[in-house]
Amino acid sequence: MDTQVVIIGGGPSGLLLSQVLNRAGIATVVLERSSRAHVLSRIRAGVLEWGSVELLREAGIGARMDAQGLPHDGTYLTDGDRMVHIDFKALTGRRVMIYGQTEVTEDLYAAQDAMGTTVLHGVEDVVIEDLDAAQASVSFTVEGARRTLTCAYVAGCDGFHGVSRKTIPEAKRQEFERVYPFGWLGILSRTPPVHDELIYANSEHGFALASMRNPNLVRYYVQVPLSDKVEDWSDDRFWTEFKRRIPAQAAAALVTGPSIEKSIAPLRSFVSEPLRWGRLLLLGDAAHIVPPTGAKGLNLAFSDVHYASEALIAALTHGSTAGIDGYSARALQRIWKAMRFSWQMTTMLHQFEGEDSFAAQMRRATLAHLADSETAQKDLAENYIGLPY
Ligand SMILES: Cc1cc2nc3c(=O)[nH]c(=O)nc-3n(C[C@H](O)[C@H](O)[C@H](O)COP(=O)(O)OP(=O)(O)OC[C@H]3O[C@@H](n4cnc5c(N)ncnc54)[C@H](O)[C@@H]3O)c2cc1C
């Protein structure tokens, strides 16, 4: 064999898997379609569950996160001007860490460089074959030359639009999907946050999220119709809309400035089963997508890495394939619970086009119940900080 595990995709799940496997003495080759600069320019997730924090530390890349990340003990959910505080620390004894996906990816690339692992960029036309043979093979084009690698296992970490999931025959795949009738318009701005914790705002004008990356870099979102284009949204229009959706107390603290990134992301829930096909394991967005309302996308990718790395290490160091056989069922148990939470948060906080007046009252009642019930708060906190692996 040319290597033990070929990892398709050099995003967070592919790089973390490579990191964990190489530290266990397992050889990998990562195949990434884009340049490193492009991967590092993608502004995405920003909230790490504590399980992800511990996983990154165990993988030897926790130092910068621990120095620069912002631990958050809670978050706010709001209904108009009413702010409901969810105190993660008091309710569960745990917290989350604010540390951007871009930073995590940068740390992973630096650690891979230091270990001297192989990460090929600009890889095209990946074809995965022989998944039911004694060894799998992966063919691809890089720098104009066609190459083939043989390996024991292939890890499909190539995101929603990758090739790995589609390698599983369509008749053997079951897909579950919910597409939401709105997107999130997000901006990044070098301004101080309106509050020291995140605010998930339900308002009569639609949903908004006040998030952050560091004490002078905010990530703010507003719910927009799917038909909207980024060009429709000047910075001024964004600030005006954002300000009227967050509680007055937070709006009073709002500092505006030029956006340094602006994009619209559609919201969807998606799961493809199974996560394992012969010698192929699927991880992260290659197998599932959540709407960002519960901050679960990146964290689910990391819990997949935890399960998959355990299975691969057992198979490749002790010859025990029980973990590989059980990977799909084990990972899916946690995935479906995170799917439920993300769907529930999305339904609780967004306006749906054409909804009746009853729907708005249900959202308000859910938030009122959350304000008054410690049991409801504990349930939300337990899911938000991340279910155990
Ligand atoms: C716009 C946006 C905003 C998001 N915001 C949040 C958020 O606020 N909170 C949150 O928790 N999550 C968020 N997410 C989700 C989170 O970013 C993903 O869950 C996370 O990136 C998953 O990591 P991954 O490595 O599995 O997939 P990706 O990050 O998609 O990485 C896959 C990699 O595979 C590469 N690739 C694709 N096809 C091929 C191929 N054929 N050959 C080789 N390489 C290939 C891609 O270039 C990419 O680098 C967001 C996602 C998007 C798209």
Side-chain angles (χ1 to χ4, degrees), residues 6-19 29-49 52 96-102 104-105 108-109 119-128 138-142 154-167 183-188 198 200 209-213 219-221 230 261-270 275 281-305 308 331 335 338-339 341-342 345-346 384 386:
V6 171
I7 298 173
I8 306 176
S13 58
L15 293 171
L16 183 59
L17 182 68
S18 178
Q19 176 75 7
V29 174
V30 176
L31 306 178
E32 167 57 48
R33 186 182 53 189
S34 307
S35 66
R36 181 187 291 211
H38 178 78
V39 174
L40 288 173
S41 72
R42 293 190 299 226
I43 307 298
R44 291 183 170 181
V47 180
L48 297 178
E49 294 174 350
S52 299
V96 294
M97 178 79 91
I98 305 302
Y99 192 61
Q101 178 167 333
T102 314
V104 175
T105 311
L108 282 163
Y109 271 124
V119 181
L120 302 179
H121 287 274
V123 169
E124 292 174 332
D125 302 326
V126 172
V127 178
I128 308 167
V138 180
S139 307
F140 54 96
T141 303
V142 68
V154 180
C157 301
D158 48 355
F160 183 68
H161 300 286
V163 294
S164 302
R165 181 177 71 253
K166 293 164 198 153
T167 303
W184 277 17
L185 167 70
I187 70 154
L188 202 61
L198 270 55
Y200 289 83
L209 169 62
S211 186
M212 68 188 78
R213 292 295 180 268
R219 183 70 168 156
Y220 291 157
Y221 300 92
V230 172
E261 196 266 355
K262 196 186 286 168
S263 51
I264 294 182
L267 268 65
R268 83 168 75 218
S269 298
F270 172 84
L275 267 57
L281 306 184
L282 297 180
L283 291 84
D285 281 18
H288 43 78
I289 300 283
V290 281
T293 328
K296 290 285 166 260
L298 179 63
N299 292 299
L300 268 187
F302 286 170
S303 60
D304 288 354
V305 170
I335 290 163
M339 284 287 149
F341 177 66
S342 305
M345 287 281 283
T346 304
Y384 195 92

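All residue numbers in this chain count up from 1 along the given sequence. Atoms within a ligand are numbered from 1 in the order they appear, just like the ligands themselves. As the structure is a prediction and not an experimental result, all values here were calculated from the model.
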Practice prompt. Go through K296 and M339 one step at a time and tell me if the side chain to side chain contact (heavy atoms under 4.5 Å, CB included) criterion holds.
Written response: CA-CA 8 Å; K296 290 285 166 260; M339 284 287 149; over 6 Å; no
How far is [atom] from its nearest protein heavy atom, and which residue and atom is that?
atom	answer
atom 21 (O) of ligand 1	Q101 NE2, 2.8 Å
atom 47 (O) of ligand 1	E32 OE2, 2.6 Å
atom 30 (O) of ligand 1	R44 NH1, 3.3 Å
atom 44 (N) of ligand 1	R33 N, 3.1 Å
atom 32 (C) of ligand 1	C157 O, 3.4 Å
atom 1 (C) of ligand 1	A265 CB, 3.8 Å
atom 24 (P) of ligand 1	S13 OG, 3.3 Å
atom 13 (C) of ligand 1	A45 CB, 3.7 Å

Close side-chain approach of [X] and [Y], heavy atoms under 4.5 Å:
X	Y	answer
R44	L298	no
H288	D304	yes
I335	L275	yes
I7	V29	no

Number the atoms of ligand 1 from 1 as they appear, then name those within less than 4.0 Å of a heavy atom of [X], with their elements.
X	value
V163	41 (N)
K296	11 (O)
L31	43 (C), 44 (N)
A295	11 (O)
D158	32 (C), 34 (O), 36 (N), 37 (C), 38 (N), 39 (C), 45 (C)
G162	38 (N)
S34	47 (O)

Hey, does [X] come in under 3.5 Å of ligand 1, counting only N/O atoms on both sides?
X	result
V39	no
V123	no
N299	no

Heavy-atom pairs closer than 4.0 Å: do any link ligand 1 to the side chain of [X], the backbone, both, or neither?
X	answer
A286	neither
E124	neither
V126	side chain

Nearest heavy atom to [atom] wins, so pick from [options].
atom	options	value
atom 18 (C) of ligand 1	D285, L282, T293	D285
atom 15 (C) of ligand 1	G11, G297, G284	G297
atom 48 (C) of ligand 1	R42, K166, R219, R36	R42

Item to complete: On the 0 to 90° scale, with breaks at 30° and 60°, tag the F160-F270 ring pair as parallel, tilted or perpendicular.
Response: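 It falls in the perpendicular class, over 60°.
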Discussion item. Ring-plane angle category for Y384 and F341, please: parallel below 30°, perpendicular beyond 60°, tilted otherwise.
Written reply: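 Y384 and F341: perpendicular rings.
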Discussion item. Using 0.5 Å steps for rounding, measure from the CD1 atom of I264 to the CD1 atom of I187.
Written reply: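 If we round to the nearest 0.5 Å, I264:CD1 and I187:CD1 are 12.5 Å apart.
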Practice prompt. Quick one: pull up OG1 in T346 and CZ in R268 and give me the separation to the nearest 0.5 Å.
Written response: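 Atom-to-atom, T346:OG1 and R268:CZ are 13.5 Å apart.
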Practice prompt. Mind running side chain to side chain contact (heavy atoms under 4.5 Å, CB included) on L267 and T293 for me, showing each step along the way?
Written response: CA-CA 9 Å; L267 268 65; T293 328; 4.1 Å; yes
Worksheet entry | Side-chain (Y221) to main-chain (S211) donor-acceptor, under 3.5 angstrom |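 Such a contact is absent between Y221 side chain and S211 backbone.
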Worksheet item: Would H161 count as a contact of ligand 1 if the rule is a heavy atom under 4.0 Å away?
Response: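 False for this residue.
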Discussion item. Assess the residue pair N299 and L48 against the criterion (side chain to side chain contact (heavy atoms under 4.5 Å, CB included)); give the C-alpha distance rounded to whole Å, side-chain angles, the decisive distance to 0.1 Å, and a yes or no.
Written reply: CA-CA 6 Å; N299 292 299; L48 297 178; 4.2 Å; yes
Worksheet item: Going through the distances and angles, do L198 and M212 end up as a side chain to side chain contact (heavy atoms under 4.5 Å, CB included)?
Response: CA-CA 7 Å; L198 270 55; M212 68 188 78; 4.3 Å; yes
Discussion item. For F140, does the six-membered ring have the charged nitrogen or CZ of R33 within the cation-pi criterion, i.e. under 6.0 angstrom from the centroid and within 45° of the normal?
Written reply: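 Checked: cation-pi criterion not met.
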Fill in: side-chain contact (heavy atoms from CB on, under 4.5 Å) partner of E32, the single match among V39, V123, L120, I8
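For E32, the side-chain contact (heavy atoms from CB on, under 4.5 Å) test succeeds with only one of V39, V123, L120, I8, which is V39.
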